[in-house]
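Quick notes on the structure that follows.
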Amino acid sequence: MLFFRSLSGSTVLRARTLLFVGSVLATSSVTAPYFNVAHAAGDDSASLDVLEKQMARIQAQQMELQKTLVSMQKQIAAHRAALTHGGKSGSTVRHSGSGHITPPAETGEESQWAATTPAEHLATGGHTTTAMNTRGPHLHHATGPDAEAVFSGADDKPDVEAVIGHRAEDIISHLAENGVGPHPRETVGAQAAGALGDHGVFHMGPVSLILGGFLDASTVLENRHVPSGTFNYWQAMPYPNESRYHTNNFEGSARYSRISLMARGNVDAHSTISGFYEMDFGAGAATTDAYESNSYAFRMRQLYLAYDNSDINFHFLAGQAWTMLTPGRIGITPRQESLPETIEASMLAGQTWARQLQFRFVEDFFKHRLWLGLSIENPQTLYDTTGFTNTDGAVRLPNGRIATISSNGTGLTNDAPFSNEIAPDVIAKVAWDPSWGHYEAEGILHFPHDRVATEGQGHNNTAIAGGGGGSMVLPVIPHKVEVRLAGLAGVGIGRYGSVLLPDATLKATGEPDPIPSAQATGGIIAHPNPRIDVYGYFGYQAAGRRYSSYGTGAYGYGNPAYSNLGCGIELSTLGCTANTRSVMEATIGAWYRFFKGKYGTVEAGAQLAYSRRDAWKGQGGGPDTNMSQIFLDFRYLPFQ
């Protein structure tokens, strides 16, 4: 066995030839003495008897030699596949807890290995498959010149195999089959979550480098002028008192083109470490203008390291990634977030998400069906200070004191508000993957904090905020049609929704006053074939009221004393406070991949969206506004 493990491809062929010739020579050397004995006997009938017995023995020995030869041929084929595919051609190689390569001949799966050549693997189109069936050992092949083996089990009897090949989502070696599975890598949902490509895989010693991303050219035509491009900022949807309510708007950009890179290596037989970078051009630099240069700035989307141990089923992530509150589709794993396939860069009203620094600890149980996660994440409190005078985070209270809620960034930080925080956000999540569907429940704790002071004295204030929610993915037709539902509700957590409703306001005395909020999304997504995605979504996000009065002054969020008298009259000089009560969006769309091959993928998408914004009632009622949009997009994915 050790001998065959060290054989190269040409040596293996020579060894097989020698084995065959050796068996023939062995047969000849065995038969010759028998024929000589028979001839010397001189008795025809006795010779015939002896010859028949001798021939029977020879035939039995030939059968044993043939069995030995076949067995050795199978072992050669298995070890050739192990040596060739383990680092080059991409077939699954099983590893025991000790690091010993277990050939399929020892696991009862040798027929598939012996019958499949590297050329046949490559002819299948270079698709990598993750094995996720925990009910028993099944052989799954991965193809393509850069697939690699994963160390996946313990005690020499792994119950799950997996392949780390081209796909970013294959980094986790243990996933339970739930009818949902990881993102189909060719879909826009996978692209939104940060999936890597099939091509662009390089090796630098024990480290693999995997490229991902796409070139994007997107446009939007809308019946209101909201100068945010394909990123919907629903809070800026105008009411009829603004002239931009009465005009259409067209805008296009390539700024959401994206590039990503993963560096990954095996630490030992059970653990993998990886680093993931994802960037685009979504930031607006101080010199950016739409008249000449359109020089949007390179920005960080995701940047984190991950450690995965398949022996103790432990997973750790540190860096900037999608918050653990973001709905997922299998386990609690990075790059498997359940994000909508929409063209709009803000995704969908009511979608729960943020990208921020975090330290995430995850453990899975019961053959990777139950996942428990705890994440310590960077906090920020989004304040609404309607009614107050706010000077760069220093809010003047009606009693003359100053409440400091934030400070503008200095040094290498941009000149924008950064809230005063005393503790990180604490997020817990449980995910369950039965044999059908994916289900999650989560909770969050947040601690809004400020300082109220007057000359010579002051005091700090801390409020306790938080909430909970959940999500599910229902595979109506597994891997073809699925229903997604998600929601989050609580107080002081509005910033975790796409609409960016406020987390808190201030009481008249200056203490943080968390605002209740709720958000929900639902969608139906279909993949009729690998080239087409079709989707329909509905999203909703709402904020409650938190307000106070001091003398004749009105303060807070949604105060009924605010004036909305001028909201319906173009260029009116009357008031239009119009604190947002709710935003809803309904949208449908589709993507079609019309070129797909070794050169990559080219796809086009179209989306229709309708949004509505309602405000809290004040003096003059509660105004509303709406917006209709048509999105178009072309993408080239060189690594898919």
Side-chain angles (χ1 to χ4, degrees), residues 317-326 352-362 372-386 388 390 392-395 397 401-409 413 416-430 441-453 457-470 487-519 541-548 555-558:
L317 182 148
Q320 178 164 305
W322 297 96
T323 172
M324 201 171 69
L325 283 179
T326 308
T352 298
W353 70 278
R355 289 191 301 268
Q356 57 197 18
L357 179 75
Q358 59 195 272
F359 299 94
R360 183 190 300 183
F361 308 85
V362 177
L372 301 179
L374 177 68
S375 189
I376 308 300
E377 305 198 3
N378 192 59
Q380 283 292 291
T381 302
L382 183 59
Y383 284 96
D384 177 271
T385 55
T386 305
F388 299 95
N390 184 355
D392 294 334
V395 180
L397 303 173
R401 294 174 179 266
I402 299 295
T404 302
I405 60 174
S406 65
S407 297
N408 284 5
T413 306
F418 286 78
S419 60
N420 185 2
E421 301 293 341
I422 194 172
D425 287 356
V426 180
I427 298 171
K429 175 181 277 192
V430 56
E442 66 253 347
I444 176 175
L445 283 175
H446 174 58
F447 307 95
H449 180 77
D450 73 356
R451 179 171 178 81
V452 176
Q457 61 180 340
H459 61 277
N460 297 335
N461 303 289
T462 301
I464 298 178
L488 182 70
V491 294
I493 55 174
R495 78 172 179 94
Y496 282 100
S498 288
V499 180
L500 281 177
L501 293 177
D503 296 318
T505 185
L506 294 176
K507 297 178 181 179
T509 53
E511 294 90 347
D513 196 3
I515 297 172
S517 65
Q519 59 205 49
Q541 187 170 351
R545 282 174 154 168
R546 284 289 188 269
Y547 58 87
S548 59
Y555 307 93
Y557 193 78

Return the minimal non-hydrogen interatomic distance between [X] and [Y], and the atom names on each side.
X	Y	result
Pro448	Thr381	CA-OG1, 3.8 Å
Trp353	Thr323	C-CG2, 3.8 Å
Ile515	Pro502	CD1-CG, 3.9 Å
Pro516	Arg545	CD-O, 4.4 Å
Ala465	Gly492	CB-CA, 3.9 Å
Tyr547	Tyr555	CB-O, 3.1 Å

Should [X] and [Y] count as side-chain neighbours, where that means a heavy-atom distance under 4.5 Å?
X	Y	answer
Ile402	Thr404	yes
His446	Glu421	yes
Leu317	Val362	no
Asn408	Pro417	yes
Leu501	Tyr557	yes
Asn460	Ile422	no
Met324	Glu442	no

Completion exercise
residues 497-507 vs salt bridge (charged side-chain N to carboxylate O under 4.0 Å, His left out), sequence neighbours excluded, gives none
Test item: [X] side-chain N/O and [Y] main-chain N/O as donor-acceptor pair under 3.5 Å:
X	Y	value
Arg495	Gln380	yes
Arg546	Ala504	no
Glu511	Ala463	no
Lys429	Thr326	yes

Approximate separation, where rounding is to 0.5 Å, of [X] [atom1] and [Y] [atom2]:
X	Y	atom1	atom2	result
Tyr383	Thr505	OH	OG1	9.5 Å
Glu377	Arg355	CD	CZ	13.0 Å
Thr352	Leu325	OG1	CG	7.0 Å
Asn420	Ile405	CG	CD1	9.5 Å

Exercise for the section: Dump the intermediate steps for side chain to side chain contact (heavy atoms under 4.5 Å, CB included) on Ile493 and Ser517, then the final yes or no. Expected result: CA-CA 7 Å; Ile493 55 174; Ser517 65; 4.0 Å; yes
Under 3.5 Å, is there a donor on one side chain and an acceptor on the other for [X] and [Y]?
X	Y	result
Tyr496	Asp425	yes
Asn461	Asp450	yes
Ser498	Gln541	no

Exercise for the section: May I ask you to check whether over 12 heavy atoms, not counting those of Leu374, lie within 6.0 Å of atom CG? Expected result: yes
